[in-house]
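Counting starts at 1 for both ligands and their atoms, in listed order.
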Amino acid sequence: MAELGMDLNRFILEEERRYPNATGSLSLALMAIESAAKIIAAHVRMAGLADILGQSGNRNVHGEEVQRLDLFSNDLMVRHLSDSGQFFALASEEMEEVLFPEKGRNGKYIIAFDPLDGSSNIDVNVNVGTIFSIHKKVKGTVEDFLVEGSAQIASGYILYGTSTIFVYTTGNGVNGFTLDPSVGLFLLSHPDIKIPKKGKIYSINESNYHNWDQRLQRYVDNLKAKGYTSRYAGAMVADVHRVLIKGGVFAYPADTKNQKGKLRLIYEASPMSFIIEQAGGKATTGNEEILKIKPSHIHEKTPVFLGSRDDIEELLLTMRGEVT
Ligand code: AHM
Ligand code: MG
């Protein structure tokens, strides 16, 4: 196991050495995300200084146009990832269409990302995060994004919380790196993360209870009867990170108003499911494994249940009507 405190760049390079045929392209791709994340983290820290909170089109004290932090983060990710030359195509929650950057025409990878998830939290000084999912470029068309999540080469998230943490997987387990702001380095703080087999927390927007399927209502009623506690930040990165570390279940289910829930498959559900499964947990729509879904468009939504193995198995039994 890598030593605590190891710098993320060194960790990425050491992982690459395990593959004699690696060209270094994935390392450069991950480092581009890392440097964008550091800049976003610095801006998130400044967000309380009102000008950046302005609506798009507002001007700051220097008379410059200010962007909302989510749009700023998107532009920054696009610039950094494009300039790295490693990505043939980019898909973002903030962009209607896939972007094929000029500098990425020799890129071996494609990336889907949510530049600043949970952005309604910004104005109230609560956690937000960035999520990313990397696949191989195959055809060089939009179709490269419309594949099963199990084909991901890497996925991860950055949580801008009480500290900033970068959590990622390349399919060899999950590692977390905390930003040391005094030196500007992400240092290994959570090596080889394993999600507890069972938890005591459920994280779901319970205000939708009356619009849920009866079986889901029963599942949540049973959790409460068993003494589970409720935690919900309303930012997927924060809520999933808590479940990853402490165990339990995070859910954004379908309901009568939103037949496919709210979360997007390729840049929210799928990368988070890859992390959770690599840490020993499970991720499902309630009917099928999230990592087996083949999306038909880039902004497709999916119901999400993910977390500790035992808790998700209990959910599946309840959804099949085998628990009363
Ligand atoms: P966003 O991508 O527009 O920020 O929305 C996604 C967020 C997730 O982070 C979070 O899990 C969910 O929306 C919360 O939704 P709700 O307010 O309906 O509970
Ligand atoms: Mg989002």
Looking only at protein heavy atoms, identify the closest one to [atom] and say how far it is in Å.
atom	answer
atom 11 (O) of ligand 1	Met236 N, 3.4 Å
atom 18 (O) of ligand 1	Tyr252 OH, 2.6 Å
atom 6 (C) of ligand 1	Asp117 OD1, 3.3 Å
atom 14 (C) of ligand 1	Tyr232 OH, 3.2 Å
atom 13 (O) of ligand 1	Lys262 NZ, 3.0 Å
atom 3 (O) of ligand 1	Glu93 OE2, 3.4 Å

Taking the side chain as everything from C-beta on, heavy atoms only, tell me whether His190 gets closer than 4.5 Å to Ile245.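 SC-SC contact between His190 and Ile245 confirmed.
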Would you say that Lys294 contacts Leu146 through its side chain, given a criterion of any heavy-atom pair below 4.5 Å between the two side chains?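 No; the side chains remain at least 4.5 Å from each other.
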Within the 4.0 Å heavy-atom shell around [X], which atoms of ligand 1 are there?
X	result
Ser119	4 (O)
Ala235	9 (O)
Gly234	9 (O), 10 (C), 14 (C)

Quick check: Ser120 and ligand 1, any N/O pair under 3.5 Å apart?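 In fact, backbone or side chain, Ser120 has no N or O that close.
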Is the closest N or O pair between Gly118 and ligand 1 shorter than 3.5 Å? yes
Is Lys262 salt-bridged to Glu268, cutoff N-O under 4.0 Å? no
Does Arg264 approach ligand 1 within less than 4.0 angstrom via side chain, backbone, both or neither, non-hydrogen atoms only?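 Neither part.
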Is Asp114 touching ligand 1 with its side chain, its backbone, both, or neither, if touching means heavy atoms under 4.0 Å apart?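 The answer is the side chain.
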Is the distance from the ring center of His299 to that of Tyr267 below 6.0 Å? yes
